[in-house]
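Report on the following structure.
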Protein chains: 2
Amino acid sequence: MPRWEQGSADRLTRAALELFEEQGFESTSVVEIADRARVTTRTFFRYFADKAEVLFAESERIRATLVQAVLDAPDVSEPLHVVTTILAEFDWTGPGMELQRQRHAVIAANPGLLERDLIKQHDIATGFIDALQRRGVEETAARLAARVGSQVFSIAYAQWVESDGAADLAKLNDAAMALLETLVRPGRAGTA
Amino acid sequence: MPRWEQGSADRLTRAALELFEEQGFESTSVVEIADRARVTTRTFFRYFADKAEVLFAESERIRATLVQAVLDAPDVSEPLHVVTTILAEFDWTGPGMELQRQRHAVIAANPGLLERDLIKQHDIATGFIDALQRRGVEETAARLAARVGSQVFSIAYAQWVESDGAADLAKLNDAAMALLETLVRPGRAGTA
DNA sequence: AGCACCGATGTCACGCCGCGACATCAACTT
DNA sequence: AAGTTGATGTCGCGGCGTGACATCGGTGCT
């Protein structure tokens with residue numbers, strides 16, 4: 001393969017992030033992005049399915065990593081715990097912290113992009129369901145563990161993001177799990 | 001107000017559902033829908049924000065009803081229970097079971113529409129969070145109860161739809177809740 | 001009756017989106 | 001040098017969604 005690989009996708013990503021921050025997501029057209037990256041719109045759509053996908057290009061890789069972690073887990077007899085732990089231990093900052101910051105800023109500023117975020121979350125949970133079943137977990141249990149686990153973690157994650165990454169994600173996650181326990185068993189120990 | 005009100009929106013909905021079933025969602029253009037309903041595309045967009053919204057027009061009304069049910073609940077000391085019960089007791093068939101069937105069929109056949117469904121689910125959960133907080137539930141507990149409760153119910157709901165509405169939704173919901181309880185407390189009764 | 005008003009719809013025009021078909025150009029291979 | 005391969009550009013199209021404005025038919029008031 002030639003060695004000019006990646007140049008365009010990379011420039012497109014940076015250009016898009018910049019423009020989204022400067023003038024907003026909706027107000028930025030693909031033409032502008034392509035112009036700043038010095039390619040045509042046609043090239044843009046060869047790398048990204050649509051304008052929003054620029055912000056979520058990595059998610060497929062993340063999903064694969066997380067699912068593999070489930071398949072590699074030493075013990076899945078406690079599927080809910082497995083799911084939340086894997087999520088909490090993942091390195092969400094990734095290679096470029098700056099790009100990550102821009103990503104969050106743009107997504108937070110655009111309700112329409114939250115949708116896309118939801119879908120990615122859903123995809124990951126679906127991957128978990130499949131992986132758990134492969135590990136022998138019964139279907140309904142797998143669905144519950146994956147979906148509930150994702151929700152529990154996402155609450156911890158939101159708190160973590162709010163703290164700018166300063167808080168301990170694992171601790172927040174444990175706290176959320178503990179709270180869930182009291183919610184599931186109301187009127188018992190821990191409520192009064 | 002004139003008395004020909006509603007005629008167009010109704011015809012557009014029926015026309016859209018028919019065409020979606022006949023030739024698929026993606027393959028159906030707004031022009032075709034409008035033609036069959038004997039209006040112009042401009043009129044279509046006056047009633048529906050976009051093509052997909054035809055399938056989700058009612059969801060805002062549903063959301064308002066569910067949220068109000070939380071506000072009217074006699075006791076919210078067990079928020080998770082409140083959420084799932086309200087969802088399980090709602091009349092999901094609505095006025096027309098046939099339209100509902102078409103809706104499900106079209107959504108199930110289109111991954112892109114599942115996204116929209118997710119968003120609506122998320123909106124409802126967000127409404128629950130707000131309502132629970134108004135009822136005095138602490139923020140994190142409200143978030144957990146709303147999001148986890150929605151997930152638990154959605155699993156029961158999926159099973160119910162699979163049974164064509166024959167199964168008892170409340171019972172399925174209870175079963176899911178019971179399973180969640182065993183998942184949250186692993187290594188105890190029910191696991192070995 | 002006559003008239004002013006108003007809401008639903010149509011007409012026109014526009015810009016953006018996403019992609020198929022094909023041409024081009026650089027680098028690598030033999 | 002010639003062929004191959006992969007990235008990119010050019011052209012053109014059909015669908016999407018909306019703003020601006022015209023139209024037309026009831027409504028209500030005089």
Side-chain angles (χ1 to χ4, degrees), chain A residues 1-57 59-60 106-107 109-113 115-116 119, chain B residues 1-57 59-60 106-107 109-116 119-120:
Chain A
M1 56 198 95
R3 65 172 58 90
W4 14 280
E5 65 189 54
Q6 258 199 343
S8 295
D10 227 52
R11 285 205 311 280
L12 281 166
T13 302
R14 295 173 195 286
L17 258 342
E18 287 173 19
L19 287 165
F20 291 164
E21 267 202 326
E22 289 173 20
Q23 33 177 295
F25 176 77
E26 298 289 353
S27 318
T28 302
S29 80
V30 175
V31 175
E32 293 175 282
I33 299 170
D35 282 352
R36 183 169 295 203
R38 285 173 298 123
V39 295
T40 60
T41 65
R42 194 66 188 80
T43 295
F44 177 94
F45 286 113
R46 284 200 180 92
Y47 283 101
F48 305 101
D50 60 66
K51 196 169 59 167
E53 205 57 27
V54 178
L55 297 163
F56 299 93
S59 69
E60 175 49 32
V106 174
I107 293 175
N110 276 92
L113 294 177
E115 309 184 358
R116 197 64 70 105
I119 292 150
Chain B
M1 55 198 96
R3 63 173 60 90
W4 14 278
E5 65 189 54
Q6 256 201 343
S8 295
D10 227 51
R11 285 204 312 280
L12 280 167
T13 302
R14 294 173 195 286
L17 283 176
E18 286 173 19
L19 287 164
F20 292 164
E21 266 201 327
E22 289 173 20
Q23 33 177 293
F25 176 77
E26 298 289 355
S27 318
T28 302
S29 78
V30 176
V31 176
E32 292 176 280
I33 299 170
D35 281 352
R36 183 169 296 202
R38 284 172 299 123
V39 295
T40 60
T41 67
R42 193 68 188 82
T43 295
F44 176 94
F45 286 113
R46 285 202 180 92
Y47 284 100
F48 306 101
D50 60 66
K51 194 169 64 167
E53 206 55 27
V54 178
L55 296 162
F56 300 94
S59 69
E60 175 50 32
V106 173
I107 293 174
N110 261 96
L113 294 177
L114 280 175
E115 308 185 359
R116 194 65 71 104
I119 293 153
K120 300 303 181 182

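These numbers come from the heavy atoms of this one structure, side chains and all, not from hydrogens, waters or symmetry mates. All chains are named by letter (A, B, ...) in the order of the sequence lines, taking the proteins before the strands, and each is independently numbered beginning at 1.
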List the steps and the verdict of side-chain contact (heavy atoms from CB on, under 4.5 Å) for Phe44(B) and Val54(B). CA-CA 9 Å; Phe44(B) 176 94; Val54(B) 178; 3.4 Å; yes
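A straight line from CD of Glu26(B) to P of dG18(C) spans 11 Å, rounded to a whole angstrom. Rounded to whole Å, the distance from OH on Tyr47(B) to C1' on dG10(C) is 13 Å. Whole-Å rounding puts the Phe48(B) CZ to dG17(D) P distance at 13 Å. Rounded to an integer number of Å, the gap from Arg11(A) CZ to dT8(D) C1' is 11 Å. What separates CD of Glu53(B) from P of dG17(D) is a distance of 11 Å, to the nearest Å. Separating the CG atom of Asp35(B) from the P atom of dC16(D) is a distance of 12 Å, rounded to the nearest angstrom. In this entry the distance linking CZ of Phe45(B) with C1' of dC12(C) reads 16 Å, nearest Å. Rounding to whole angstrom units, CD1 of residue Ile33(B) and P of dG17(D) are separated by 10 Å.
Comparing dT10(D), dG18(C), dC16(D) by their closest approach to the side chain of Lys51(A) singles out dG18(C).
For the atom pair CG of Asp50(A) and CZ of Arg116(A), the computed distance is 4.0 Å after rounding to the nearest 0.5 Å.
Of the two residues near DNA chain C, Thr43(B) and Asp50(A), the one whose nearest nucleotide lies more 5' is Thr43(B). With the nearest nucleotide of DNA chain C identified for both Arg42(A) and Val31(A), Val31(A) has the one nearer the 5' end. With DNA chain D read from its 5' end, the first of the two nearest nucleotides for Arg46(B) and Ala52(B) is the one closest to Ala52(B).
Between Glu21(A) and Leu17(A) the shortest side-chain heavy-atom distance does not fall below 4.5 Å.
Across all strands shown, Ser29(B) has heavy atoms under 4.0 Å from sugar-phosphate atoms exclusively, and none from any base.
For Glu18(B) (side chain) and Ala15(B) (main-chain N/O), no donor-acceptor pair under 3.5 Å exists by modelled atom type. Distance alone, capped at 3.5 Å, places no donor-acceptor pair between the Ser27(B) side chain and the Gly24(B) backbone.
Using a 4.0 Å cut-off, some side-chain N or O of Ser8(B) falls inside it from OP1 or OP2 of dT9(C).
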